[in-house]
Amino acid sequence: IGLIFILFGMWQWEAMGLSEAVLTDPKRSGVAFVLWGSLMFTSLAIMQIARVFCSRSFTVPVWKIPLMANPTLLAMALITLVLQLTVIYVPPLHAFFNTTSLPVESISLAGAVAILVFILIEVMKAVLRRSMSK
């Protein structure tokens with residue numbers, strides 16, 4: 001998760017033009033930096049939610065474990081997601097958390113990175129199952 005997060009952060013830093021903006025236009029870089037930070041904050045939260053669902057078992061695929069097998073975990077994941085989106089989309093909280101509202105594209109990118117984490121964990125579990133069966 002750490003490596004994916006760092007690579008995603010670097011990619012978005014460049015995509016948002018922060019490398020050049022920091023040097024040429026500090027005011028523009030401030031706005032872009034808050035957007036970038038909000039995206040990173042949200043991405044990490046969503047990646048961790050994906051990880052927690054995969055981590056319910058170290059060998060059994062996530063789709064073989066009933067979603068309601070642990071209703072407390074499901075509730076906590078939903079609460080975490082709602083709180084995260086509240087911090088991002090409720091303007092009075094922006095100043096305290098130094099966040100800004102994210103466009104749909106940014107939320108989609110955060111979701112895509114979380115799906116990547118989900119897939120990688122499931123692949124690692126499949127490799128572990130295969131090695132244990134030998």
Side-chain angles (χ1 to χ4, degrees):
I1 289 176
L3 181 60
I4 292 169
F5 182 70
I6 290 169
L7 292 173
F8 179 63
M10 290 171 52
W11 172 50
Q12 285 304 296
W13 182 269
E14 290 299 323
M16 292 180 180
L18 280 163
S19 294
E20 296 166 14
V22 167
L23 299 173
T24 60
D25 187 357
K27 187 174 182 180
R28 185 176 144 250
S29 68
V31 172
F33 184 74
V34 172
L35 181 64
W36 177 83
S38 298
L39 176 59
M40 294 300 99
F41 180 44
T42 303
S43 299
L44 187 57
I46 296 173
M47 283 191 287
Q48 291 297 341
I49 292 169
R51 183 195 59 81
V52 81
F53 279 103
C54 291
S55 298
R56 294 185 296 162
S57 170
F58 294 117
T59 55
V60 179
V62 73
W63 55 88
K64 289 190 176 181
I65 303 171
L67 192 57
M68 293 306 294
N70 188 342
T72 304
L73 178 71
L74 180 60
M76 294 306 292
L78 289 173
I79 290 168
T80 301
L81 184 61
V82 167
L83 289 173
Q84 180 65 36
L85 294 175
T86 301
V87 166
I88 296 299
Y89 290 110
V90 175
L93 297 175
H94 288 174
F96 183 78
F97 288 100
N98 198 25
T99 58
T100 190
S101 297
L102 293 173
V104 173
E105 298 82 20
S106 294
I107 292 291
S108 298
L109 280 173
V113 172
I115 291 169
L116 176 62
V117 167
F118 185 90
I119 290 168
L120 288 174
I121 292 172
E122 288 302 317
V123 167
M124 289 179 359
K125 286 166 48 173
V127 169
L128 180 62
R129 279 193 307 276
R130 192 166 291 205
S131 70
M132 288 172 46
S133 67
K134 289 183 180 182

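Basis for what follows: all heavy atoms, side chains included, without hydrogens, waters or symmetry-related copies.
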[atom1] of [X] to [atom2] of [Y]: how many Å apart, nearest 0.5 Å?
{"X": "Leu120", "Y": "Ile115", "atom1": "CG", "atom2": "CD1", "result": "12.0 Å"}
{"X": "Ile79", "Y": "Leu81", "atom1": "CD1", "atom2": "CG", "result": "11.0 Å"}
{"X": "Leu73", "Y": "Leu67", "atom1": "CG", "atom2": "CG", "result": "8.5 Å"}
{"X": "Cys54", "Y": "Ile49", "atom1": "SG", "atom2": "CD1", "result": "12.5 Å"}

Given the rule that I, L, V, M, F, W and Y join up when any side-chain heavy atoms are under 4.5 Å apart, are [X] and [Y] in one cluster?
{"X": "Ile119", "Y": "Met124", "answer": "no"}
{"X": "Phe33", "Y": "Trp11", "answer": "yes"}
{"X": "Val104", "Y": "Trp36", "answer": "no"}
{"X": "Ile1", "Y": "Val127", "answer": "no"}
{"X": "Leu93", "Y": "Leu83", "answer": "no"}

Self-check item: Test side-chain contact (heavy atoms from CB on, under 4.5 Å) applied to Val52 and Thr80, step by step
Solution: CA-CA 12 Å; Val52 81; Thr80 301; over 6 Å; no
Quiz item: If you group Ile, Leu, Val, Met, Phe, Trp and Tyr whenever their side-chain heavy atoms sit less than 4.5 Å apart, what else falls in with Met10?
Solution: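 Same cluster as Met10: Ile6.
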Self-check item: Test log, rule side-chain contact (heavy atoms from CB on, under 4.5 Å), inputs Ile107 and Tyr89
Solution: CA-CA 11 Å; Ile107 292 291; Tyr89 290 110; 3.2 Å; yes
Side-chain touch [X]/[Y], heavy atoms, less than 4.5 angstrom:
{"X": "Phe8", "Y": "Leu116", "result": "no"}
{"X": "Ile121", "Y": "Val62", "result": "no"}
{"X": "Glu122", "Y": "Pro61", "result": "yes"}
{"X": "Met47", "Y": "Leu44", "result": "yes"}
{"X": "Pro103", "Y": "Leu35", "result": "yes"}

Practice problem: Search all heavy atoms of Leu18 against all heavy atoms of Ala32 and return the closest pair with its distance. | Solution: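 Closest approach of Leu18 to Ala32, heavy atoms only: CD2-CB, 3.5 Å.
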Exercise. Over all heavy atoms of both residues, which pair between Ala50 and Ala114 is shortest? Give the atoms and the distance, please.
Key: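 Smallest heavy-atom distance, with atoms named: CB-O, 3.6 Å.
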Quiz item: Taking only residues two or more places apart in sequence or in another chain, which ones pass side-chain hydrogen bond (donor to acceptor under 3.5 Å, both in side chains) with Thr42?
Solution: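 Thr42 satisfies side-chain hydrogen bond (donor to acceptor under 3.5 Å, both in side chains) with Gln84 only.
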Exercise. Under the side-chain hydrogen bond (donor to acceptor under 3.5 Å, both in side chains) rule, collect the residues that match up with Gln48, sequence neighbours excluded.
Key: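 If we apply the side-chain hydrogen bond (donor to acceptor under 3.5 Å, both in side chains) test to Gln48, skipping adjacent residues, the hits are Arg51.
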Only counting residues at least two apart or in another chain, list the ones meeting side chain to side chain contact (heavy atoms under 4.5 Å, CB included) with [X].
{"X": "Ile65", "answer": "Arg56, Ser57, Val60, Ala69"}
{"X": "Thr99", "answer": "Ser38, Phe41, Val87, Ile88, His94, Phe97"}
{"X": "Ala126", "answer": "Arg129"}

Practice problem: Check the pair Ile46, Val113 against side-chain contact (heavy atoms from CB on, under 4.5 Å), reporting the backbone distance first and the verdict last. | Solution: CA-CA 8 Å; Ile46 296 173; Val113 172; over 6 Å; no
